[in-house]
Protein chains: 2
Amino acid sequence: MENKTPVTLKFLAEKLKMSVSTVSKALNNYPTINEYTKKRVQEMARDLRFTPNKSAINLKERKSRIIGIILPNLLDQYFTRSIAGVEQFAMQFGYNVIISQSHDEFEKEKQLADMLLKSRVDGLIIAISKETQDFNHLYQFEHMGIPVVYYARNPSFNLNCHKVLGNNFQGAYLATQFLIQRKHQKIAYLGGPKMINFTHDRFNGYINALKDNGVSFNTELVAYTDFNKENTIKAIQNLFSHPENLPTALVAFKEPILFDAIKYLKSINHPNFSQIECIGFGNNAFISYLDTPPVASVEENPESVGENAIKLLLQLINKEIELDHYQKIMVDCKLVVH
Amino acid sequence: MENKTPVTLKFLAEKLKMSVSTVSKALNNYPTINEYTKKRVQEMARDLRFTPNKSAINLKERKSRIIGIILPNLLDQYFTRSIAGVEQFAMQFGYNVIISQSHDEFEKEKQLADMLLKSRVDGLIIAISKETQDFNHLYQFEHMGIPVVYYARNPSFNLNCHKVLGNNFQGAYLATQFLIQRKHQKIAYLGGPKMINFTHDRFNGYINALKDNGVSFNTELVAYTDFNKENTIKAIQNLFSHPENLPTALVAFKEPILFDAIKYLKSINHPNFSQIECIGFGNNAFISYLDTPPVASVEENPESVGENAIKLLLQLINKEIELDHYQKIMVDCKLVVH
DNA sequence: CAAAATATTTCAAACGTTTGAAATATAACG
DNA sequence: CGTTATATTTCAAACGTTTGAAATATTTTG
């Protein structure tokens, strides 16, 4: 039960009456070490449950074998799903992952970044908070030669950086087109916080789908909200306040927000409620429990986004890709009809 | 952009033409160091963005300042909510947290435990997988003097270990009593996988509430399922198959499962559907979107469970509590009426 | 059997930090 | 001004591992 002397190379060496280097090389299977010696060392190591001290190795190798992830929160299934992709791949290559939540706050994000920098992570994967405008806390990493991959959320200015993003344009295009094919002419677009860049990409996808299919665009059919329910209701009230432009369909930037919208329309007994068809981004597992589910969902494939992010990061860490040879990877969306 | 010589104590010392130890002590605010020297060192450290190498410190201190968490998955809000409590507290004390998912598989859990052991975590918090019967992979930690706190899920045998658990008995009692107060006499209990220990605690809470309130117990009102939808439907069919014991209320072990049940009852147009009142464990954020939500939820306070787990673990790490002085902490549930 | 070739083991320095003991500088005192 | 007291800085070892170079042991060869 007690942990007396920790089992180190030195300890093994003393037991076996040989030098530390022999033990080390035997365990690392050096060809210059005698087979019989190797066997003796390896057996002893196993019996005494020797585990190499990672801190020592990391110090020697000047690496931490830790990858940091900063994301807005873990309650959003998009992010938890994206982690699955990252984790599995990282572990396979001997990396540990430290996950931390910024709660979509800039200050918290800065604090986490500093913490991870101090922990000397070998790389960082980040979905920036919705407040993040200043990137100094992240430039620090590159300054120290630590690669950073921005994922899921696109930094708002045209930052030179490595990105892995969902193809928001394509996703919104798909959704809009689908609704047009179902004979809708008054399709509303409910966008998210303007601070979050993908809002615009999605808007463009929406616009382009309208144009390509000869449906006229009307600003009265566009409104914006954020993650706040009251604001969503206001936006919906606004969308449905123009009698000659009443929406018959709706594309919403995020599913839980869409659910708020649907709930509200239902609660006010909107006359044409049953005819209104909605699509939101997310494909939330919870949809199957709704009485009036959206007609379809834009599946963003977050696992794939995460997987691409970690793969890119590992390539950067291993210098298979130059740090300043900025990559941009887009992951396509898929329409899931319910 | 390039990372030439890394900024180390040695580097600072050379720049400042003083010894490494002076620099180290100045940064650590030793009283023996001259104030003016301290100022010079600290300024230089700031300007050159010196960050102490954690691996070196950890090696010296024989700690990793990393806490491992193993939990079944991140899609269950119970677990993601519990992490919030852990993370914040850990960070406050300078610890990093490595989160990993067992996907409720024993083999995966074993693999993760080995990985964390190799990473020399200073402590482990674990919610065991539903398959875990053998605990050798976890005993290893104690064998090396690394504290382990079992949380959320109770090991199935009467293991000597540190535990932080939700008070499942009390939660189920509360739910059952609430339904009795609402004049229900035929209250069904839908339990979870029998492998997961809390199923029984909840059953006991249910039974005791019935007894204490003079409601007779009937085995026909009890059924078990797991996380599989088909099995839930079978269980519900079973519960509603005894004409002289038709449930008018239902206590379910987990909310998403309860939603499956509700959905099924609604889909078959159960004649008394609107009168049936349900309560599940969880208090899921999505409840507000349901057309026919449960009458109430058992709020398990996972944040508090997580917070208690990390607090206990830190006490064990700091040897404020003896490793073999086993603690058991119960976190009460709360009934939330919708 | 000595010399050369090869196999195997050990030495020693390095990674970056901390810290008690020793050394040196500065101030205070009679 | 020589001592003693105090303030400040430096030395040196340690944490546990890796690895090229050096040392030693063993085998082969003429």
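Both backbone and side-chain heavy atoms feed into the values below; hydrogens, waters and symmetry mates do not.
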How many whole angstroms separate atom [atom1] of [X] from atom [atom2] of [N]?
X      : N       : atom1 : atom2 : value
I33(B) : dG20(C) : CD1   : C1'   : 13 Å
R62(B) : dG16(C) : CZ    : P     : 21 Å
L16(B) : dT10(D) : CG    : P     : 11 Å
K17(A) : dT9(C)  : NZ    : P     : 16 Å
E35(B) : dT8(D)  : CD    : C1'   : 12 Å
K38(B) : dA7(D)  : NZ    : P     : 13 Å
E14(A) : dT10(C) : CD    : P     : 13 Å
L59(A) : dT19(D) : CG    : C1'   : 15 Å

List the atom pairs, with distances to 0.1 Å, where a side-chain N or O of residues 121-129 of chain A and a protein N or O form a donor-acceptor pair under 3.5 Å, not counting sequence neighbours.
unit_1	atom_1	unit_2	atom_2	d
D122(A)	OD1	S64(A)	N	3.0
D122(A)	OD1	S64(A)	OG	3.3
D122(A)	OD2	S64(A)	N	3.3
D122(A)	OD2	R65(A)	N	2.6
S129(A)	OG	E131(A)	N	3.0
S129(A)	OG	T132(A)	N	3.2
S129(A)	OG	T132(A)	OG1	2.8

* To do: Classify the nucleic acid contact of L9(A) as base, sugar-phosphate or nothing, counting any heavy atom under 4.0 Å across all strands shown.
  => base
* Asked: Contact class for F50(B) (heavy atom, under 4.0 Å): base, sugar-phosphate, or nothing?
  -> sugar-phosphate
* Parallel, tilted or perpendicular: which describes the rings of H137(A) and F135(A), with under 30° parallel and over 60° perpendicular? ->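 If you compare the ring of H137(A) with that of F135(A), the planes turn out parallel.
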* Could you label the plane-to-plane angle of the H162(B) and Y326(B) rings as parallel, tilted or perpendicular, counting under 30° as parallel and over 60° as perpendicular? => tilted
Could you please name the option among [options] that lies closest to any side-chain atom of [X]?
X      : options                   : result
K10(B) : dT10(D), dC15(C), dT17(C) : dC15(C)
V20(A) : dT18(D), dT17(C), dT9(C)  : dT18(D)
M18(B) : dT10(D), dT19(C), dT17(D) : dT10(D)
K25(A) : dG20(D), dT9(C), dC15(D)  : dG20(D)
K60(B) : dC15(D), dT18(D), dG16(D) : dC15(D)
N53(B) : dG16(D), dG20(C), dT17(C) : dT17(C)

* Structure fact -> Judged by nearest nucleotide, the residue sitting upstream toward the 5' end of DNA chain D, A56(B) or T22(B), is T22(B)
Return no unless some side-chain N or O of [X] is found under 4.0 Å from OP1 or OP2 of [N].
X      : N       : result
T37(B) : dT9(D)  : yes
S21(A) : dT19(D) : no
N28(A) : dT18(D) : yes
S19(A) : dT10(C) : yes
N34(A) : dT8(C)  : yes
T8(A)  : dC15(D) : no
S24(B) : dT18(C) : yes

* Distance (rounded to the nearest 0.5 Å) between L12(A) CG and L27(A) CG -> 7.0 Å
* Do other residues, nucleotides or ligands put more than 12 heavy atoms under 6.0 Å from the NZ atom of K10(A)? -> no
* Might you confirm whether atom CD of Q315(B) has over 12 heavy atoms from other residues, nucleotides or ligands at distances under 6.0 Å? =>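 Yes, the 6.0 Å shell around CD holds more than 12 heavy atoms from other groups.
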